[in-house]
Peer 1: 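For reference, the structure I am asking about is given below.
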Protein chains: 4
Amino acid sequence: MLINIDLQSNEPIYEQLKNQIMIQIARKDLKPGDGLPSVRRFAADLGINLHTVNKAYQQLKQEGFILIHRQKGVVVNPEGIPSVDGEYEEKLAQSLRPLIAESACRGMTEGEFTSFCRQLFKQLTDEGDEY
Amino acid sequence: MLINIDLQSNEPIYEQLKNQIMIQIARKDLKPGDGLPSVRRFAADLGINLHTVNKAYQQLKQEGFILIHRQKGVVVNPEGIPSVDGEYEEKLAQSLRPLIAESACRGMTEGEFTSFCRQLFKQLTDEGDEY
Amino acid sequence: MLINIDLQSNEPIYEQLKNQIMIQIARKDLKPGDGLPSVRRFAADLGINLHTVNKAYQQLKQEGFILIHRQKGVVVNPEGIPSVDGEYEEKLAQSLRPLIAESACRGMTEGEFTSFCRQLFKQLTDEGDEY
Amino acid sequence: MLINIDLQSNEPIYEQLKNQIMIQIARKDLKPGDGLPSVRRFAADLGINLHTVNKAYQQLKQEGFILIHRQKGVVVNPEGIPSVDGEYEEKLAQSLRPLIAESACRGMTEGEFTSFCRQLFKQLTDEGDEY
DNA sequence: GTGGTCTAGACCACG
DNA sequence: GTGGTCTAGACCACA
């Protein structure tokens with residue numbers, strides 16, 4: 001579990017944590033059924049508060065990425081991650097639109113943008129490399 | 001200037017405003033040299049706070065999208081928008097990574113993701129159509 | 001806003017709060033668009049911590065009962081409450097089954113049980129009476 | 001004794017166990033005087049902790065559903081289950097109120113709610129069928 | 001002033 | 001030891 005938290009970032013810590021866990025899942029460093037550290041353990045390892053870890057876990061649970069057992073701790077959803085639905089596509093589009101708009105303003109073409117995405121996609125999903 | 005502000009959204013109003021202005025520029029509804037409403041006027045039209053419009057304008061100015069003259073008002077940068085540089089690419093990558101990670105988790109392939117981007121890119125830059 | 005919190009109860013305070021707000025909505029003491037107190041105000045009024053109120057609000061928001069504006073505070077969803085769907089029916093059945101089972105064990109007939117429900121339903125939705 | 005324990009559930013295991021035993025009694029799969037497995041045996045069969053089974057048994061005994069003899073083992077109360085009293089009605093009402101309130105909020109009518117209960121009641125008490 | 005986030009420390013239910 | 005809940009107090013972004 002290589003997780004890097006930037007305490008200085010504007011991005012909330014719990015968001016960073018969520019994202020990094022999702023990245024691990026995307027690149028299959030974490031597979032369905034794999035366990036994650038307990039909130040206390042993780043908080044101690046990362047040097048952050050247990051409530052912050054808990055908030056990340058609760059949201060991941062709520063979105064169906066993980067299951068939280070009262071006793072046995074936390075595991076990646078063994079039934080797999082919920083797949084893309086209309087609701088997610090809309091959310092994704094909402095997030096992408098501003099990024100695309102700004103990139104277009106700055107002169108990026110459609111091809112440049114998509115190939116930029118392709119690169120990132122490969123980096124994230126190819127196993128083993130730097131994230 | 002068709003601007004839609006969603007007061008219910010989690011996205012800060014000034015961000016929404018920035019984004020929608022950038023979208024207008026991207027689709028060339030706003031061209032270099034075109035004028036924008038004064039802070040007061042814009043705030044009144046949109047029914048939002050002066051400071052909110054001002055914040056959006058200051059950030060757009062800071063990023064080189066617009067110029068603010070004390071008397072002459074606000075115009076889209078007549079020298080064009082600063083083009084993509086390494087710094088922007090890094091910022092863009094930071095924003096895209098979590099989106100790509102979540103999409104990949106949910107089973108989207110690289111091809112699906114890029115074609116999704118392509119669609120959005122077209123919608124945003126094709127002039128005249130629905131946004 | 002007549003809310004009674006029992007600090008001694010086993011039922012978590014945030015659950016009590018959620019339930020009492022839902023009761024107010026059910027009996028139309030709170031209508032779509034009506035405002036609710038700010039987290040700080042409500043917490044002070046009830047003599048509980050603001051995080052506890054916040055937790056109740058977040059969950060009500062998440063279930064579509066209320067909207068939370070960053071500035072303007074909290075309102076009952078003006079578009080109305082999400083209606084019953086299959087997911088909710090399943091959740092409801094899960095909650096009812098044990099209650100029905102125990103009641104049946106104790107000799108309640110189907111008719112007695114449903115008429116008991118009918119009474120409660122009337123008490124909750126008829127305006128003005130004791131809850 | 002078909003008992004299904006869901007280790008993933010938020011519902012405590014001992015609660016699940018209690019409920020399922022009560023369901024068996026309600027549908028007369030278990031009749032007064034019938035024996036139940038010993039704590040050890042039951043725990044082994046279900047793959048759960050001794051203390052968990054014991055907790056469920058203690059509470060069922062406490063409520064008069066079962067008797068626990070040191071040597072003779074555990075039996076469904078041969079004198080029958082204590083019938084409904086005022087205390088139980090109040091407890092039941094406390095549990096039902098939030099469910100009714102939420103259902104009413106979501107647009108369920110009194111008739112829909114009671115007929116939903118009627119269905120569940122039949123499913124639970126009709127012998128032999130799916131639970 | 002509002003909600004959003006983070007920290008710290010405490011007690012309890014569960015198994 | 002685990003997560004669930006609650007409290008208390010702090011700082012920040014937003015408008």
Side-chain angles (χ1 to χ4, degrees), chain A residues 5 7-17 35-44 46-59 61 66-75, chain B residues 5 7 9-17 43 46-56, chain C residues 5 7-17 35-44 46-59 61 66-75, chain D residues 5 7 9-17 43 46-56:
Chain A
I5 297 297
L7 298 173
Q8 312 308 320
S9 168
N10 293 320
E11 196 184 11
I13 296 175
Y14 78 94
E15 282 280 350
Q16 294 180 46
L17 191 47
L36 277 78
S38 76
V39 281
R40 286 179 165 76
R41 180 106 181 79
F42 217 173
L46 298 171
I48 62 179
N49 190 281
L50 93 180
H51 291 113
T52 308
V53 177
N54 193 46
K55 183 163 188 174
Y57 274 178
Q58 289 300 329
Q59 295 195 1
K61 167 189 166 191
I66 63 174
L67 299 180
I68 303 180
H69 295 221
R70 227 177 233 283
Q71 310 309 328
K72 301 191 329 194
V74 181
V75 295
Chain B
I5 298 297
L7 297 172
S9 167
N10 294 320
E11 195 183 10
I13 297 175
Y14 81 95
E15 282 277 351
Q16 293 181 46
L17 191 48
L46 297 172
I48 62 179
N49 194 296
L50 277 180
H51 300 95
T52 309
V53 177
N54 195 47
K55 183 161 190 173
Chain C
I5 297 298
L7 297 174
Q8 312 308 320
S9 167
N10 293 320
E11 196 184 13
I13 296 175
Y14 78 95
E15 284 280 1
Q16 295 180 46
L17 192 47
L36 277 79
S38 77
V39 281
R40 286 180 166 75
R41 180 105 182 80
F42 217 173
L46 297 172
I48 61 178
N49 190 281
L50 93 181
H51 291 112
T52 309
V53 176
N54 193 46
K55 183 162 189 174
Y57 274 179
Q58 290 300 330
Q59 295 197 0
K61 168 189 166 190
I66 63 175
L67 299 180
I68 303 180
H69 295 223
R70 226 175 233 284
Q71 310 308 328
K72 300 192 329 195
V74 182
V75 295
Chain D
I5 298 297
L7 297 173
S9 167
N10 294 320
E11 196 182 10
I13 297 174
Y14 80 96
E15 282 278 350
Q16 294 181 46
L17 191 46
L46 297 172
I48 61 180
N49 195 296
L50 275 179
H51 300 96
T52 309
V53 177
N54 195 47
K55 183 162 190 172

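First the proteins, then the strands, lettered A, B, ... as listed; each starts at 1. All values reported here derive from a predicted model rather than from experimental measurement.
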Peer 1: Please give me the minimum heavy-atom distance between D:Asn10 and A:Lys61, naming the atom from each residue.
Peer 2: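 Taking every non-hydrogen atom into account, OD1-NZ, 4.0 Å.
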Peer 1: With Watson-Crick and G-U wobble geometry limited to distances under 3.5 Å, how should the secondary structure of DNA chain E be encoded in dot-bracket form, using | for bases paired to another strand and [ ] for crossing pairs?
Peer 2: ||||||||||||||.
Peer 1: Shortest non-hydrogen contact from A:His69 to A:Val75?
Peer 2: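 Closest pair (atom of A:His69, atom of A:Val75, distance): NE2-CG2, 4.3 Å.
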Peer 1: Can you give me the closest heavy-atom contact between D:Gln16 and D:Glu11, atom names plus distance?
Peer 2: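 That would be NE2-O, 2.9 Å.
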Peer 1: Report the residues that fulfil side-chain contact (heavy atoms from CB on, under 4.5 Å) with C:Thr52, sequence neighbours left out, ordered by chain and then residue number.
Peer 2: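 Partners of C:Thr52 by the side-chain contact (heavy atoms from CB on, under 4.5 Å) criterion, ordered by chain and then number, come out as C:Ile13, C:Tyr14, C:Ile48, C:Asn49.
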Peer 1: Please enumerate all protein N or O atoms sitting under 3.5 Å from an N or O of nucleotides 13-15 of chain E, with distances to 0.1 Å.
Peer 2:
unit_1 : atom_1 : unit_2  : atom_2 : d
E:dC14 : OP1    : D:Tyr14 : OH     : 3.2
E:dC14 : OP2    : D:Tyr14 : OH     : 3.3
E:dC14 : OP2    : D:Lys55 : NZ     : 2.9
E:dC14 : O2     : A:Gln71 : OE1    : 2.8
E:dC14 : O2     : A:Gln71 : NE2    : 2.8
E:dG15 : OP1    : D:Ile13 : N      : 2.9

Peer 1: Excluding sequence neighbours, so at least two apart, what forms side-chain contact (heavy atoms from CB on, under 4.5 Å) with C:Val39?
Peer 2: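 With neighbours one apart ignored, the set is C:Val53, C:Asn54, C:Tyr57.
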Peer 1: Reading DNA chain F from 5' to 3', where do the contacts with chain B start and stop? Cut-off is 4.0 Å to heavy atoms.
Peer 2: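 Endpoints of the contacted stretch of DNA chain F: F:dC14 to F:dA15.
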Peer 1: How do A:Arg40 and C:Asn54 order along DNA chain E: which one's closest nucleotide is nearer the 5' end?
Peer 2: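 Looking at DNA chain E, the more 5' nearest nucleotide goes with C:Asn54.
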Peer 1: Is there a side chain to side chain contact (heavy atoms under 4.5 Å, CB included) between A:Phe42 and A:Leu17 once you walk through the steps?
Peer 2: CA-CA 10 Å; A:Phe42 217 173; A:Leu17 191 47; 4.0 Å; yes
Peer 1: Any side-chain heavy atom of A:Lys55 sitting closer than 4.5 Å to one from A:His51?
Peer 2: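 The answer is no; the side chains never approach within 4.5 Å.
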Peer 1: Can you list the residues that meet the salt bridge (charged side-chain N to carboxylate O under 4.0 Å, His left out) rule with A:Arg41, with sequence neighbours excluded?
Peer 2: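 Counting only residues at least two positions away or on another chain, A:Arg41 forms a salt bridge (charged side-chain N to carboxylate O under 4.0 Å, His left out) with A:Asp45.
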